Amino acid sequence: MKACIFHGPGNLTVEELPTPTPGPGEVLIQAQAASLCFSDIRVYKGEKAANPGVVIGHEAAGVVVQVGRGVTKVREGDVVAVCPVVACGRCYFCVRGKQNRCVNRWTLGYQGNGALAEYILAPEPLVSQGHLLKTPPTMPADLAAMVEPFACALYSLEVCRVQHGGTLAIIGSGPMGLIHLLIARAIGCATIVISDPMEERLAIAQELGATTTVNPTRNDLQKTVLELTDGLGVDAAIISVGNVAAIQAGLRVVRKQGFVNIFGGLPPGSVLPLDPNLVHYDELFLTGTQNAPTDQYARAVLMLASIPQARRLITHRFSIADAPKAFESRMAMNGLKAMIDF
Ligand SMILES: [Zn+2]
Ligand SMILES: [Zn+2]
């Protein structure tokens, strides 16, 4: 099988590997679609750790072609989206339904072989924890591959208690910012302000239902948000870009008792200068989310079926043989989601 292997920052190769055979509890999936995530790009850039020699990528959908002894959760022929989190099911966090914070966690595409391969071997704990999610027959494979980012954004919005009729600011109109926007629309957020310095990204945000778009190089985000919210600020700000200035911008646009979620990872060594009195007197919640528990994955599958416009985010398509070109394209900030079709 062809697979895209990460050897170190800036070093990816497409190689021929033996197709794995599932052992007890394991499942072999024939890939149908895999999408690139900005965290894969961060691995490629050397900002985020992954083991050299692994198959990179963690957003995938495919068909179950072989199941190991004892597998009961899926059967041959099932089409599944993959949650790449391998959780133990026994630790403090797992037993409380927070599989994404499992103390024994490892993740496909980082510590074990991931999504950018013609076949994916799902390990036993991933299968037994319900992290192969059956998708409806009507769902296209490329949409199913995006269950992972949708689960992450759904979790992010739920941690921030975003609700119907609420107000939201999204800083960063890249793929993850736009996915937050699509879900916030589906939840019924009344005001969704999205900010990005790239005009073409703001145009897509407008098309996908943002109520206001702001280019912070031309307009003052804080002023715009305060005008739209009777001077209060928004209920929550999602920081969907990895820089300190964006977090500071988020802190300036939320209302008292509002949430600021650091959704995007930052380059190592980043330091946030913070006025603690702002958090104290305004009773702000400054939080972070990373990946998502099983619950949000299960609901992301159901939710995505009703958000077909999510496919608008797919702007580039590549074959597995050209997977390194997909990384170069995303590094150059071309378009939004890059999809590998099998
Ligand atoms: Zn992802
Ligand atoms: Zn655990």
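None of these values were measured; they are calculated from a predicted model. Counting starts at 1 for both ligands and their atoms, in listed order.
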Any salt bridge between Glu207 and Arg312, counting N to O under 4.0 Å?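 Salt bridge present between Glu207 and Arg312.
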
Residues Lys325 and Asp322 bridged, charged N to O under 4.0 Å: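 A salt bridge is present here (some side-chain N lies under 4.0 Å from a carboxylate O).
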
What N/O/S atom of Glu59 gets nearest to the Zn ion (ligand 1)? OE2

Taking the Zn ion (ligand 1) as the vertex, what is the angle from OE1 of Glu148 to SG of Cys37, given to 10 degrees?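 Computed angle, vertex at the Zn ion (ligand 1), rounded to 10 degrees: 160°.
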
Going by distance alone, is a donor N or O of one side chain under 3.5 Å from an acceptor N or O of the other, for [X] and [Y]?
| X | Y | answer |
| --- | --- | --- |
| Asn261 | Tyr155 | no |
| Glu158 | Gln296 | yes |
| Arg105 | Gln99 | no |
| Asp235 | Thr167 | yes |

Assess the residue pair Tyr119 and Gln66 against the criterion (side-chain hydrogen bond (donor to acceptor under 3.5 Å, both in side chains)); give the C-alpha distance rounded to whole Å, side-chain angles, the decisive distance to 0.1 Å, and a yes or no. CA-CA 11 Å; Tyr119 290 88; Gln66 212 183 334; over 6 Å; no

Classify the ring geometry of Phe263 against His180: parallel below 30°, tilted from 30° to 60°, perpendicular beyond 60°.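 Judged by the thresholds at 30° and 60°, the geometry between Phe263 and His180 is perpendicular.
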
Within the stated cut-off of 2.8 Å, is an N/O/S atom of Asp40 closer than that to the Zn ion (ligand 1)? no

Got a sec: is His58 within less than 2.8 Å of the Zn ion (ligand 1) via an N/O/S atom? yes

Using a distance threshold of 2.8 Å, what protein N/O/S atoms lie below it relative to the Zn ion (ligand 2)?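 Short answer, with waters excluded from the count: Cys88 SG, Cys91 SG, Cys94 SG, Cys102 SG.
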
